[in-house]
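Position 1 is the first residue of the sequence; numbering continues from there.
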Amino acid sequence: MPPDSNSTQYAADRLRQDGPPVAELRGVSKTFGDVEAARDLDLRISPGEFLSFLGPSGCGKTTALRMLAGFEAPTRGDVLIDGQVVNQLEPHRRPVNMVFQSYALFPHLSVADNIGYGLRQRRPRLARSVIADKVERALETVRLSGFGKRRVWEMSGGQQQRVALARAIVNEPKLLLLDEPLAALDRKLRKEMQIELQDLQRQLGITFVLVTHDQEEALSLSDRICVMRAGRIVQVGSPQELYDCPASRYVADFVGNSNFFEGRIEEVDGALARLVTGGGQTLAGRASPGLAAGRDGCLSIRPEQIRIGSEPGPGCIEVTVQNRIFLGEHTEYLVRHGGLGNIIVLAPRQAEIGARGFEAGARAFLNWSDEAALILNPD
């Protein structure tokens, strides 16, 4: 589902991005032998934003994060933090902290000692009282006051995650890097921690950079999302921009769910275009940039933008229901059309209150507005 947003918040995000970046990738590439893990990455990361790298395994997102952290040096290009090139600067000398998927906590140390570990490595040394005060404030920030004497193995998964976050923020980094930190948690706890992460980032004002393959996580947490594929950045934008205006079929398919209908672009008329499918159906939708009549294309329509009903009407297509899955807040239908093939439809629960819905084998009718559909160039 698309993220909730308001124009004021997104306007503020855009204004922030006009200022000096806290970190930047300039033409960055990274090779491991014959494998090019990252290629020509250009990205500005704004102060105080929550940015996510999103993509499948092997797309280069973790490599990009490790180059920001200093665990990998770029083969070409420059990594900058606060305007300074840091290609050869060791990780512990950068104003950056990283939270790993495994948390990387020391099992033989208490919670407080884990959090204060980095502070104890500083030179010149900090006074014990200063370290204790910073650790206590970090515990309060992640809502673990009173847990300082516990051993980490006595903590739940969610509590260990908070300890790892406290250990990262206690050093007051300018950039906090998160390498799939919620992957090991169950679904319910992951949702809770997503809310806590977002609240924490807003409270501290630290720039967060998250690596994830979970589109829902990226949509719910991020100010901006950087979608990657095969080592390259394919699109950067706010969650709503990527969801509503994907630049390619790949982005439309990876950010949320979509139905795709392949065909030939018949006409491009300003903001709208028409496409004729292999089955002879003519479909209209918003035209993405670069469309040209006579070329191959595809129409993308989100499942929640499709209306399903029992009576025909203008612009409706007749389908047969293949499957019905009740998902609580909505019902998911898999339907089949003779020319378009299988189509997924999400019907909101409110629309079905007092109705029986459609069972497998039932006849139904679909329609959607031209503005809800998007016609794209093929990948």
Side-chain angles (χ1 to χ4, degrees), residues 22-23 45 47-51 62 65-73 79-84 86-182 184-185 193 196-211:
V22 66
I45 302 173
E49 78 167 324
F50 199 129
L51 176 98
T62 298
L65 195 77
R66 289 177 64 83
M67 287 191 288
L68 286 168
F71 296 122
E72 301 288 352
V79 177
L80 293 85
I81 297 179
D82 275 347
Q84 300 298 313
V86 295
N87 291 9
Q88 305 304 322
L89 194 64
E90 300 94 332
H92 66 277
R93 296 186 180 278
R94 301 186 184 197
V96 170
N97 266 57
M98 190 162 178
V99 178
F100 299 92
Q101 182 176 338
S102 62
Y103 310 152
L105 301 174
F106 300 114
H108 63 288
L109 297 181
S110 68
V111 167
D113 286 342
N114 264 282
I115 295 171
Y117 181 82
L119 297 174
R120 293 194 297 275
Q121 311 310 309
R122 286 190 182 179
R123 298 295 182 272
R125 293 180 181 273
L126 297 176
R128 288 186 178 181
S129 60
V130 172
I131 293 175
D133 180 61
K134 286 179 176 290
V135 168
E136 186 55 39
R137 281 191 280 120
L139 282 168
E140 290 175 2
T141 300
V142 298
R143 299 194 293 114
L144 285 178
S145 295
F147 284 80
K149 294 182 179 180
R150 294 269 191 98
R151 299 288 178 177
V152 293
W153 48 265
E154 297 176 316
M155 313 285 280
S156 68
Q159 289 171 331
Q160 288 184 25
Q161 175 61 266
R162 292 185 204 168
V163 174
L165 285 168
R167 186 177 63 180
I169 65 174
V170 76
N171 291 298
E172 301 175 358
K174 291 191 174 182
L175 201 61
L176 182 60
L177 310 177
L178 304 148
D179 187 9
E180 304 209 46
L182 309 182
L185 305 179
M193 285 304 300
E196 292 197 18
L197 263 182
Q198 199 170 50
D199 289 345
L200 182 64
Q201 194 265 343
R202 289 170 177 168
Q203 175 186 344
L204 298 173
I206 297 173
T207 302
F208 278 27
V209 180
L210 171 74
V211 158

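- Here the side chains of Leu204 and Leu176 are not in contact, with every heavy-atom distance at 4.5 Å or above.
- A distance of 12.5 Å separates CG in Asn171 from NE2 in His92, rounded to the nearest 0.5 Å.
- Across all their heavy atoms, Leu68 and Val96 have their closest contact at O-CG2, 4.3 Å.
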For side chain to side chain contact (heavy atoms under 4.5 Å, CB included), just list the numbers for Leu105 and Arg167, CA-CA rounded to whole Å, side-chain angles, deciding distance to a tenth of an Å, and then say yes or no. CA-CA 9 Å; Leu105 301 174; Arg167 186 177 63 180; 3.9 Å; yes
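- When all heavy atoms of Leu210 and Pro181 are compared, the pair lying nearest together is CD1-CD, 3.5 Å.
- When side chains are defined from C-beta on, Leu65 counts as touching Met98, because their heavy atoms get closer than 4.5 Å.
- Checked by atom type and distance alone, the side chain of Asp179 never pairs as donor or acceptor with a backbone atom of Gln101 at under 3.5 Å.
- Atoms CD1 and CD, from Ile169 and Gln203 in turn, are 7.5 Å apart once rounded to the nearest 0.5 Å.
- The two atoms that bring Val152 and Gln160 nearest to each other are O-NE2, 3.2 Å, heavy atoms only.
- Within the 4.5 Å cutoff, side-chain heavy atoms of Ser145 are placed close to those of Glu140.
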Determine, stepwise, if the pair Leu197 / Leu165 fulfils side chain to side chain contact (heavy atoms under 4.5 Å, CB included). CA-CA 9 Å; Leu197 263 182; Leu165 285 168; 3.8 Å; yes
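- Under the 4.5 Å side-chain criterion, counting only non-hydrogen atoms from C-beta, Leu89 is not in contact with Ile81.
- Looking at Arg162 and Phe147, their side chains never come closer than 4.5 Å, going by heavy atoms from C-beta outward.
- Here the closest heavy-atom approach between residue Val99 and residue Ala168 is recorded as CG2-CB, 3.7 Å.
- Using a 4.5 Å heavy-atom threshold, the side chains of Leu139 and Glu136 count as touching.
- Atom CG of Leu200 sits about 9.5 Å away from atom CZ of Phe50, to the nearest 0.5 Å.
- By the 4.5 Å heavy-atom criterion applied to side chains, Thr207 and Leu51 are not counted as neighbours.
- A 6.0 Å sphere centred on CD of Gln84 holds no more than 12 heavy atoms belonging to other residues, nucleotides or ligands.
- Atom CZ of Arg120 has more than 12 heavy atoms from other residues, nucleotides or ligands within 6.0 Å.
- Gly157 approaches Tyr103 most closely through the heavy-atom pair O-OH, 3.8 Å.
- Within 6.0 Å of the CZ atom in Arg137, the count of heavy atoms belonging to other residues, nucleotides or ligands exceeds 12.
- Counting only heavy atoms from C-beta outward, the side chains of Asp113 and Phe106 never approach each other to under 4.5 Å.
- Residues Glu154 and Arg151 are not paired through a salt bridge, judged by the lack of any N-O separation under 4.0 Å between the basic side chain and the carboxylate.
- Atom NE2 in His108 sits 8.0 Å away from atom CG in Asn114 (nearest 0.5 Å).
- Closest non-hydrogen pair, Ile206 versus Pro173, comes out as CG2-O, 3.5 Å.
- A distance of 10.5 Å separates CZ of Arg143 from CD of Gln159, quoted to the nearest 0.5 Å.
- Annotation: the span from Met155 atom CE to Leu144 atom CG amounts to 5.0 Å, rounded to 0.5 Å.
- Residue Arg125 is tested with Arg122, Arg123, Gln121 for a side chain to side chain contact (heavy atoms under 4.5 Å, CB included); the sole match is Arg123.
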